[in-house]
Engineer: 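Below: one structure in structure tokens.
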Amino acid sequence: MAVPKRKMSRASTRMRRAQWKADAPTLVKTIENGKVTYSLPHRAKVVEDSAGTPLYMEYKGRKVADV
């Protein structure tokens with residue numbers, strides 16, 4: 001296991017950690033039944049009935065899992 005030869009200062013540690021930034025997720029705009037929805041690409045979406053009860057998960061128009 002690698003062991004540092006010298007202690008890393010707080011400023012250096014914080015400067016290194018400050019380079020990691022969160023990215024905003026890329027959303028895909030789709031229009032379903034005249035309603036605009038935004039979703040994450042390559043993710044299964046939950047299909048709901050008219051009352052809002054989740055029925056199953058769908059990906060590329062196919063049923064992939066039960067909820």
Side-chain angles (χ1 to χ4, degrees):
M1 187 170 129
V3 178
K5 196 164 195 174
R6 294 179 187 272
K7 182 178 179 178
M8 194 172 198
S9 70
R10 271 192 207 146
S12 294
T13 301
R14 290 175 180 165
M15 193 181 310
R16 177 176 45 83
R17 288 182 180 160
Q19 300 305 313
W20 289 91
K21 295 176 180 67
D23 294 332
T26 55
L27 298 176
V28 176
K29 178 181 175 182
T30 55
I31 299 171
E32 297 175 1
N33 303 328
K35 188 177 177 183
V36 178
T37 58
Y38 295 93
S39 61
L40 293 168
H42 302 291
R43 301 276 172 98
K45 68 174 186 172
V46 177
V47 176
E48 300 173 339
D49 62 359
S50 60
T53 309
L55 300 173
Y56 57 90
M57 297 189 81
E58 181 182 65
Y59 182 73
K60 290 188 176 178
R62 297 184 187 144
K63 180 180 173 183
V64 291
D66 291 321
V67 178

Engineer: Is Val36 linked to Leu27 within one hydrophobic cluster, defined over Ile, Leu, Val, Met, Phe, Trp and Tyr using a side-chain heavy-atom separation of less than 4.5 Å?
Structural biologist: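 Linked, Val36 and Leu27 end up in one cluster.
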Engineer: Show the nearest heavy-atom pair for residues His42 and Tyr59, with the distance to one decimal.
Structural biologist: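 The answer is ND1-OH, 3.3 Å.
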Engineer: Atom CE of Met57 and atom CZ of Arg43: how far apart are they, to the nearest 0.5 Å?
Structural biologist: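 Between atom CE of Met57 and atom CZ of Arg43 there are 10.0 Å.
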Engineer: Shortest non-hydrogen contact from Leu40 to Thr26?
Structural biologist: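 Minimum heavy-atom contact is CD2-O, 3.9 Å.
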Engineer: If hydrophobic clusters are built by linking Ile, Leu, Val, Met, Phe, Trp and Tyr wherever their side-chain heavy atoms come under 4.5 Å apart, do Ile31 and Tyr38 end up in the same one?
Structural biologist: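 Both belong to a single hydrophobic cluster.
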Engineer: Could you pull out the closest heavy-atom pair between Glu48 and Pro54, with the gap in Å?
Structural biologist: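 Closest approach of Glu48 to Pro54, heavy atoms only: CG-CA, 4.0 Å.
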Engineer: Looking at every non-hydrogen atom in both residues, tell me the closest pair between Val47 and Glu58 and how far apart they are.
Structural biologist: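 Minimum heavy-atom contact is CG2-CB, 3.6 Å.
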Engineer: How about Lys21: does its NZ atom have over 12 heavy atoms from other parts shown lying under 6.0 Å from it?
Structural biologist: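 It does: Lys21 NZ has more than 12 such atoms within range.
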